[in-house]
Amino acid sequence: MNDDREAQVQRGNPLRSAVDKRLPRIAGPSGLVIFGVTGDLARKKLLPAVYDLASRGLLPAGFALVGFGRRDWSKEEFQDYVREAVQARARTEFDQNVWDRLADGMHFVTGAFDDDAAFDALASTLAEADRRQGVHGNWAFYLSVPPERFAGVVHQLDRCGMAKPAEGQWRRVIIEKPFGHDLASAQELNKVVNTVFPEHAVFRIDHYLGKETVQNILALRFSNQLFEPIWNANFIDHVQITMAEDIGLGGRAGYYDGIGAARDVIQNHLIQLLALVAMEEPTSFSPRQLRAEKLKVLRATSPTGPFSETTARGQYTAGLQGSVPVVGLREEEGFDPDSKTETFAACTLEINSRRWAGVPFYLRTGKRLGRRVTEIALVFKRPPYQPFYPDQTNLLTNNAVVIRVQPDEGVLMRFGSKVPGVGLEVRDVNMDFSYSEAFTEQSPEAYERLILDALLDESSLFPTNSEVERSWEILDPILEYWDEHGEPDEYEAGTWGPASADRMLEKDGRTWRRP
Ligand code: BG6
């Protein structure tokens, strides 16, 4: 990327909010083609996000939305389907004028992914939209399809000439995870995609990076003087990164069986969070600088062994979610009762750098846990000396900075304070910043942000092929160990995972937070 382009990206960067607010970032002439448009993700997230962008005035006039799928739908039937998805899930209120403009630019092409004629029809539809709607040949192709379909779709786009832009146009591909199953398959996929689309035209979605609170990690660390001096092994005892869900597999058994919690969440979302928390300060937030720093810290990251003690995995059994009885994993519809796929995974990572040597990073994720929460807790060391009587500090634990990604987005600081009274008793108190109280503006949904960024060619929030491959390199040894050794433990739905997860920290004299 040349310096002009980099400067342009800087101007559009979220962290330059003063500029952002005055000059809203509106996409230029463009269109979005969604493969897998009848799937869950498209219905629940992508289509509502496109509407929300339209309703915030961030899409160009004549924006084209093209669905591709096996249904034998007319344009009107596709519009009805999108409208239903939008009315059910969009963040902004339904506005007939916004809808009419968006609906006008919609098209649907019927076909399967191996159907040459359907892709030829798609190419004609795009050419027609270029002429009639002023899309100018600027197309983003969103692959919301299982990874085994990527290669087929990408080759079809190539075959029909849709992957290659003419002079002054662009073509981009947006890819949903899971990006591979392990390092070898991810490398293979990258190779396939990169033979057709150059790396700068590939946008790999990790929707966690589109979340406001995740971007706030950068703001918190690098816009303040308060935190960075103590953000290292001299002061921090350990870091806990938790992504807990209260939902079970629901109708997703087919996708999830054989993938499991570590591949589904640790390989992407949690390792990305670790990278943002642990990386060095980039010289700017341009895609090149930001991704270089993330990759550097990931290269210094490795799993800590022995895995029998430093990792844990489990499957939920029947239990109570709140007060509602729920079935166990093996009773979920569509799930192979003999499957070893884990719904809870935890591991310990270390970062071999001056900043982080000796500081364990504990990562955990799971379905059917106590509550839905994603947070990063930096737990500080105890002061080397405390001039109190032991009974005055009984209720004092380690200081902590907790970045709450969701829900109740915000940042919490835990420190000791004197209990009112005649004695000098000290105990934990919380200082709590909450987004919803501090700001009146509602945060955009992650997919709004990421779709818009892809249309604007802003790639900072999209992991590169090297980051994806490095994340597999970190995780693969654990997955191989699990494959070869035993079975997942059990944990009751509504609890915080298997006992082995607690033992993981107990052996280090620590405990998991109960958020
Ligand atoms: C997805 C996982 O990436 O993230 C799902 O595949 C998970 O299993 C989802 O439920 C959670 O996303 P969020 O944004 O609700 O935390």
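Counting starts at 1 for both ligands and their atoms, following the listed order.
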Thr374 N/O under 3.5 Å from ligand 1 N/O
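For ligand 1, there is no N or O atom that lies under 3.5 Å from one belonging to Thr374.
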Per-atom contacts, ligand 1 versus [X] - under 4.0 Å to a heavy atom:
X      : value
Lys367 : 5 (C), 7 (C), 8 (O), 10 (O)
Met243 : 11 (C)
Lys211 : 13 (P), 14 (O), 16 (O)

Taking the basic N atoms (NZ, or NE/NH1/NH2) and the acidic carboxylate oxygens, is any pair closer than 4.0 Å for [X] and [Y]?
X      : Y      : result
Arg404 : Asp432 : yes
Arg513 : Glu375 : yes
Arg368 : Glu245 : no
Arg25  : Glu458 : yes

Are Arg149 and Phe113 in a cation-pi setup, meaning NZ or CZ lies under 6.0 angstrom from the ring centre and within 45 degrees of the ring axis?
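Because its charged atom misses either the 6.0 Å distance or the 45° angle limit, Arg149 does not stack over Phe113.
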Taking atom 10 (O) of ligand 1 as the point of reference, which of Arg263, Glu445, His269, Glu245 owns the nearest heavy atom?
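Looking at heavy atoms only, Glu245 sits closest to atom 10 (O) of ligand 1.
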Considering heavy atoms of the protein only, find what lies nearest to [atom] and give residue, atom and distance to 0.1 Å.
atom                    : result
atom 12 (O) of ligand 1 : His207 NE2, 3.2 Å
atom 15 (O) of ligand 1 : Arg372 NH2, 3.5 Å
atom 6 (O) of ligand 1  : Asp264 OD1, 2.6 Å
atom 5 (C) of ligand 1  : Arg252 NH1, 3.3 Å

Between the main-chain N or O of Thr341 and the side-chain N or O of Gln315, is there a donor-acceptor pair closer than 3.5 Å?
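Confirmed, Gln315 side chain pairs with Thr341 backbone.
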Any side-chain donor-acceptor pair under 3.5 Å between Thr317 and Glu490?
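There is no such pair between these side chains.
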Within less than 4.0 angstrom of ligand 1, does Tyr256 place any heavy atom?
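Per 4.0 Å heavy-atom rule, Tyr256 does not contact ligand 1.
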